[in-house]
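Note sheet for the following structure.
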2 protein chains.
Amino acid sequence: MSFPPRYTIEPQTRRPRRRAEESRRQIVDAAVDQIADAGFHGMSIAEVAAASGISQSGLLHHFPSKAALLAAVLERHEHDDNEFLFGDGSTPLGWAAFDALVSLAARNSTRPEWVAVFVRVSAEATEADHPAHDWLKRHYSSTSSWLVEAIEDGVRLGSMHPDMPARLVSGNTIGLLDGIQQQWLVNPKGIDMVAHVREHVHLLKSRWALPASA
Amino acid sequence: MSFPPRYTIEPQTRRPRRRAEESRRQIVDAAVDQIADAGFHGMSIAEVAAASGISQSGLLHHFPSKAALLAAVLERHEHDDNEFLFGDGSTPLGWAAFDALVSLAARNSTRPEWVAVFVRVSAEATEADHPAHDWLKRHYSSTSSWLVEAIEDGVRLGSMHPDMPARLVSGNTIGLLDGIQQQWLVNPKGIDMVAHVREHVHLLKSRWALPASA
DNA sequence: GTCTATACCTCGATAGAC
DNA sequence: GTCTATCGAGGTATAGAC
């Protein structure tokens, strides 16, 4: 029979909460790389597990399914982008919104994995029963209405011409951004994403910008 | 011992050549549908075989591998597009090239499966060891240089401004086309591809067109 | 929270009869 | 030219010990 000592140094369980978050972070990191290389269809949770130093079942403990893992990846992507575009809490208005997209292109030039993730998942998720289909629809509609509102504000503020076709311009701008990213992935050395996007914004300004009036 | 009859009606072997071509056509048709739905990664030759009324091994007799089947699909796609753009043997010059792209968008509006095939395969083939990677690189470089040449001709003919940045404009136009097709797949009712592409071409003309001089 | 073991499926491709 | 049968690999997910 043994009594516990009066004063014990509790093993302290090494902050399990903290460890869990660390594991999740590593897993998402590895998933980003895999999706960037092979798309969601092409990614395997076994390989992601191996790359993040955990067993396949260990991974599934944190993310109960492949789709759940994808959701975590997309959530981080969206969070990062929003942080970048609206980090200071303010929403760019008028031409500032288009200038912000040029900055976004510049930032994306430094993160090819994320560009690849976005390009691949967007294309796959076009399918109606893809696990990211709803995400894609939300992404398009929110990005598009953000740009449309920026244009409406620009018109209201007098920096943009009232005849500017907001929906067409916003769809075209988003499409161009997506399309250029794809070309850049195929040929990173040969394509200057920033120059392309900037040229497009110049073109829009040359057609629709009004002289700043007070 | 038996002699062959003097006059025989040869069994005629039911034109095996003809049958083979018919089988191949059906298989490619089914593959187009499958790739349109699930991409190349997501397509399975077993399902394609089932959909085209042949066994899996029967399919592999005509196309020895999955990659070979994809190649056949892409070949038909490219052949159809070239037929449409250069059907009469002439190459559109100057603004006619951009107008031809508007027509192409109109035609694509009637062929969602082909748009889906293109969007998915393009995104997948961005990966360096994808079986369609070389095809994609060739596609981009040939489309791009066609447009660049059309612009150079336009400048030479005096219908386009010499300051028009040919490479940027051509990359942007191709990118916009690709990006709009993707948006259209997600929301066919809400996106008018032709209107978007036409607006872009209008924009370019408003900036770079020169008054026709004799 | 992480592991091993495994169930169960689908895939691409081959072998060989007809 | 088309079939059945089968191989071997690789996929997601679950069960249960530690």
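We name chains A, B, ... by the order of the sequence lines, and we start the count at 1 in each one.
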Quiz item: B:S55 side-chain donor-acceptor pair to D:dT4 base, under 3.5 Å
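By the distance-only test, no, there is no pair.
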Which listed nucleotide ([options]) is nearest to the side chain of [X]?
X     : options               : value
A:Q56 : D:dG11, D:dT14, C:dT2 : D:dT14
B:A46 : C:dT4, C:dC11, D:dC3  : C:dC11
A:K66 : C:dC3, D:dT2, D:dT12  : D:dT12

[X] side chain N/O closer than 4.0 Å to the phosphate oxygens (OP1, OP2) of [N]?
X     : N      : answer
B:H41 : C:dC11 : no
B:H61 : D:dT2  : no
B:S44 : C:dC11 : yes
A:S65 : D:dT12 : no
B:S57 : C:dA13 : no

Just how far, in rounded Å, is [atom2] of [N] from [atom1] of [X]?
X     : N      : atom1 : atom2 : result
A:I45 : D:dT12 : CD1   : P     : 5 Å
B:R24 : D:dT2  : CZ    : C1'   : 15 Å
B:M43 : C:dT10 : CE    : P     : 17 Å
B:F40 : C:dC11 : CZ    : P     : 13 Å
A:I54 : C:dG1  : CD1   : P     : 10 Å
A:L70 : D:dG11 : CG    : C1'   : 17 Å
B:L59 : C:dA13 : CG    : P     : 10 Å
A:L60 : C:dA7  : CG    : P     : 18 Å

Heavy-atom nearest nucleotide on DNA chain D for B:G58 versus A:E47: which residue maps closer to 5'?
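In this pair, the answer is B:G58.
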Does A:E75, at its CD atom, have more than 12 non-hydrogen atoms belonging to other residues, nucleotides or ligands within less than 6.0 Å?
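At most 12 heavy atoms, drawn from other residues, nucleotides or ligands, come within 6.0 Å of this atom.
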Got a sec: does the CZ of B:R111 have more than 12 other heavy atoms crowding it under 6.0 Å?
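Count over threshold, so yes.
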Trace of the side-chain hydrogen bond (donor to acceptor under 3.5 Å, both in side chains) decision for B:Q181 with B:N108
CA-CA 9 Å; B:Q181 289 190 111; B:N108 283 343; 3.1 Å; yes
Output, in order, the C-alpha distance, side-chain angles, deciding distance and verdict of side-chain hydrogen bond (donor to acceptor under 3.5 Å, both in side chains) for A:N172 and B:H200.
CA-CA 7 Å; A:N172 277 352; B:H200 176 68; 5.2 Å; no
Set of residues satisfying salt bridge (charged side-chain N to carboxylate O under 4.0 Å, His left out) with respect to A:R107, sequence neighbours excluded:
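So A:R107 forms a salt bridge (charged side-chain N to carboxylate O under 4.0 Å, His left out) with A:D81.
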